**Q** 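Provided herewith is a single structure, encoded as structure tokens, for subsequent inquiry.
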Protein chains: 2
Amino acid sequence: MDLRRLRYFVAVAEERSVGRAAVRLRMAQPPLSVQIRKLESEVGTPLFRRGARGMEPTAAGRALLSRAREALALTAEGFEAARAVAAGRRGRLSVGYMFALAHAVLPKLIPELRRSLPKIDLEFIELSASTREARLLDHSVTVALCMPAIRHIEIEASNIGTQRLMLALPASSSLARATAVPVKKLQGRPLISLPWPAEDPATSVVASLLRRHQVSMPVANRVETVHSALSLVLAGEGMAIVPACAQLGCPTGVVFRPFVDADDAIDVAVCWRRDSLNPLVRNFLKCAEKVIRQV
Amino acid sequence: MDLRRLRYFVAVAEERSVGRAAVRLRMAQPPLSVQIRKLESEVGTPLFRRGARGMEPTAAGRALLSRAREALALTAEGFEAARAVAAGRRGRLSVGYMFALAHAVLPKLIPELRRSLPKIDLEFIELSASTREARLLDHSVTVALCMPAIRHIEIEASNIGTQRLMLALPASSSLARATAVPVKKLQGRPLISLPWPAEDPATSVVASLLRRHQVSMPVANRVETVHSALSLVLAGEGMAIVPACAQLGCPTGVVFRPFVDADDAIDVAVCWRRDSLNPLVRNFLKCAEKVIRQV
DNA sequence: ACTGACCCATACGATTTCGGTATAGCAAAA
DNA sequence: TTTTGCTATACCGAAATCGTATGGGTCAGT
């Protein structure tokens, strides 16, 4: 059961001649003739009818022929598939993303991925900040789109862009009349807080913004997602400080204002397991960087 | 692209260990290790992650694995299919039959064929006497069921049984009152003739029967099939001398009577091209002989 | 009928490839 | 650290493969 013999067999069957098949296979005729006979003795039945004008496959030969062709194609495809997977052109890529980035990023990111990596098996899952980390660690997502990057010993991250922080507030609020708001004006107003690691000043851009301006805002609510925060803003529970991209797909009745005296930004990052040697991660990063630049 | 390497690869992937796979393949571990590395260099990418506890297929390895399994199964099946075709257990068998045999033979023959040759691709085509020969010669049917055998230089035949000749006549005929009819009584009565080769006395059993009894019957009509003959008998056009099996499925109003003084019979034969080395023919013959004995 | 053309089969020597034994190298468990 | 359990490398003998030379059979044309 040798694949080379099958290749020889297919060539002879197609050329209906050992001599012509030998030319096609770039080899001499006698060894090819020997291989065909070996195949026949291995199968246990003649595969060709020999005539003075060439060889004609028997019914048994035709039965083998179609399967031999398939087997050859299948192994060639198997090799190609292995190479494609190794190069990150194929495989399964599961992306955990946060809702806040959905409207801003996905409509550009997904077409770009489909274009440059057409054969991959792509899956997007919306996950809250806390579950993105867990799903990354248990391998149920390959990469995560985060703001900011997940900080964890087993997780590696790459910043692919930034989003300016803006104040989200009800359209009816008196602060909404100005096109930009001084940070000081937030003093004492209730804040809808997102689950950023407030303990770590380096990552909590909101906390450091307020601290730098010596402003304190009582936390009115803690929510998991930017989307939830905006709902509570609309409900009049308070204000939120969120990335600019949250404007897209935001309910009417909530308006966004930049700060007069601050242009703090939050990092947009792609995160993945440090031990994930999946080359798709690298290709995904390239696409994501290209897309984020355009946002 | 060697099938042996793929077999080795599948074994290693399944055992997740070169050593255990070597045991399964009944070979030593080092050459197996070499073959795996050769496969990897041929594909151009690592297929396993080597650890101290064994080998684990990479994503690329898994992509190849499923296709390698299929390719192996396909070639094994190809070999088996070729053997089955050679042994006549598989293939396409197209049977041309005459309507007169349909009711008597087919209900027993077809189930027997399906039972003893379950994998063959079976086709039954009703053909008139003249077309059976043509379709046999142009390969569009494999075998033909005939009464009597086709005589042709390229066609071989095997008699598998006989059918007694009987007189088919209208129930209203005066001759129908007796349970058996003397041949002499047919003198001068119109005959519905079938296209048997009247020129050749050896094959034309009807002509020889009449000649032996020195009886002559004017030919009222010539028809292609026994079925047509019976229709004309019913229509009062004359009488027909037909094989006994035509009684089955015969229209009411036509009765069959044996001859008092003759028990001539016509051969039932299976015919096939002399150059058709199709082993299915042999197996078909066995089935047909078994079935005809029971009729 | 004979001859030439064509094609497949066989023989044999040279090369490549493969499998076995011995052993080194390496990482995790004891 | 030592032991254990893997895989990888080195080398040699055996087997398979390929190329050249040649035999043998069939068909077509003279």
Side-chain angles (χ1 to χ4, degrees), chain A residues 1-58 60-61 64-65 68 72 75 79 154 274-275 277, chain B residues 1-58 60-61 64-65 68 72 75 79 154 274-275 277:
Chain A
M1 241 174 69
D2 187 344
L3 206 49
R4 170 183 25 211
R5 290 218 182 104
L6 289 186
R7 225 177 56 234
Y8 291 175
F9 167 69
V10 170
V12 171
E14 284 178 354
E15 299 288 342
R16 307 178 88 79
S17 151
V18 180
R20 282 193 296 276
V23 173
R24 193 169 104 183
L25 295 168
R26 297 176 209 289
M27 66 187 290
Q29 170 264 319
L32 182 55
S33 186
V34 169
Q35 292 300 328
I36 295 297
R37 296 199 85 83
K38 282 190 180 171
L39 181 64
E40 285 179 320
S41 85
E42 191 183 355
V43 175
T45 187
L47 300 171
F48 291 98
R49 255 191 44 205
R50 272 87 167 163
R53 312 295 300 162
M55 317 258 287
E56 192 195 3
T58 61
L64 177 58
L65 181 58
L72 286 166
T75 53
F79 278 36
E154 299 214 1
R274 194 174 296 278
D275 64 357
L277 26 99
Chain B
M1 240 174 68
D2 186 347
L3 207 51
R4 172 187 21 216
R5 290 218 182 106
L6 289 186
R7 224 178 57 236
Y8 290 175
F9 167 69
V10 170
V12 172
E14 283 177 356
E15 298 288 344
R16 308 179 88 78
S17 150
V18 178
R20 282 193 296 276
V23 173
R24 194 168 103 182
L25 295 168
R26 296 176 208 288
M27 66 187 290
Q29 170 264 319
L32 182 53
S33 186
V34 169
Q35 292 299 330
I36 296 296
R37 295 197 87 81
K38 284 190 179 172
L39 181 64
E40 285 179 319
S41 84
E42 191 183 356
V43 175
T45 187
L47 300 171
F48 291 98
R49 256 191 42 203
R50 272 86 167 164
R53 310 298 300 165
M55 319 257 287
E56 192 196 3
T58 61
L64 177 59
L65 181 58
L72 286 166
T75 54
F79 279 36
E154 299 213 2
R274 193 174 297 278
D275 65 356
L277 25 101

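Numbers restart at 1 for each chain; the letters A, B, ... are given by sequence-line order, proteins then strands. What you see is a predicted model; the values in this text were computed from it and never measured.
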**Q** Can you tell me how far P of C:dC7 sits from CD of A:Gln29, to the nearest Å?
**A** 10 Å
**Q** Need to verify one output field. Residue with the more 5' nearest nucleotide on DNA chain C, A:Ala52 or A:Val34?
**A** A:Ala52
**Q** What integer distance in Å separates B:Arg26:CZ from C:dG20:P?
**A** 12 Å
**Q** Rounded to the Å, how far apart are B:Glu56 CD and C:dA27 P?
**A** 17 Å
**Q** If you assign each of B:Pro31 and A:Gly51 to its closest nucleotide in DNA chain D, which residue comes earlier from the 5' end?
**A** B:Pro31
**Q** Counting just side-chain N and O atoms, does B:Arg4 come under 4.0 Å of either OP1 or OP2 of C:dG19?
**A** yes
**Q** Rounded to the nearest angstrom, tell me the gap between atom CZ in B:Arg20 and atom P in D:dG5.
**A** 12 Å
**Q** Could you report the tightest heavy-atom contact between B:Phe9 and B:Ala68, atom names first, then the distance?
**A** CD2-CB, 4.4 Å
**Q** For A:Leu32 and D:dG19, what is the distance between atoms CG and P respectively, to the nearest whole Å?
**A** 10 Å
**Q** For A:Arg5, report the nucleic acid contact type (base, sugar-phosphate, nothing); a contact means any heavy atom under 4.0 Å.
**A** sugar-phosphate
**Q** Of the non-hydrogen atoms in A:Met55 and A:Val12, which two are nearest, and what is the gap between them?
**A** CE-CG1, 4.2 Å
**Q** Roughly, in whole Å, what's the span from CE in B:Met27 to P in D:dT7?
**A** 13 Å
**Q** Just how far, in rounded Å, is P of C:dA29 from CZ of B:Arg53?
**A** 6 Å
**Q** Name the residue closer to the 5' end of DNA chain D, choosing between A:Lys38 and B:Glu40 according to the nucleotide with the nearest heavy atom.
**A** B:Glu40
**Q** State whether B:Arg50 places a side-chain N or O below 4.0 Å from either non-bridging phosphate oxygen (OP1 or OP2) of D:dA8.
**A** yes
**Q** Indicate whether OP1 or OP2 belonging to D:dT7 is found under 4.0 Å from a side-chain N or O atom of B:Ser33.
**A** no
**Q** Determine, step by step, whether B:Glu40 and B:Arg49 satisfy the salt bridge (charged side-chain N to carboxylate O under 4.0 Å, His left out) criterion, reporting the C-alpha distance in whole Å, the side-chain angles of both residues, the deciding distance to 0.1 Å, and the verdict.
**A** CA-CA 12 Å; B:Glu40 285 179 319; B:Arg49 256 191 42 203; over 6 Å; no
**Q** Roughly, in whole Å, what's the span from CG in A:Asp2 to P in C:dT17?
**A** 14 Å
**Q** With a 4.0 Å cut-off on heavy atoms, is A:Gly54 in touch with a base, just the backbone sugar-phosphate, or nothing at all?
**A** sugar-phosphate
**Q** Heavy atoms under 4.0 Å, any strand shown: does B:Phe48 hit a base, just sugar-phosphate, or nothing?
**A** nothing
**Q** For B:Glu56, is there an ion pair with B:Arg50 - N to carboxylate O distance below 4.0 angstrom?
**A** no
**Q** What distance do A:Phe48 atom CZ and A:Leu39 atom CG have between them, rounded to the nearest 0.5 Å?
**A** 8.0 Å
**Q** Need one value for A:Gln35: base, sugar-phosphate or nothing, where a base atom within 4.0 Å counts as base even if backbone is also close, heavy atoms only.
**A** sugar-phosphate
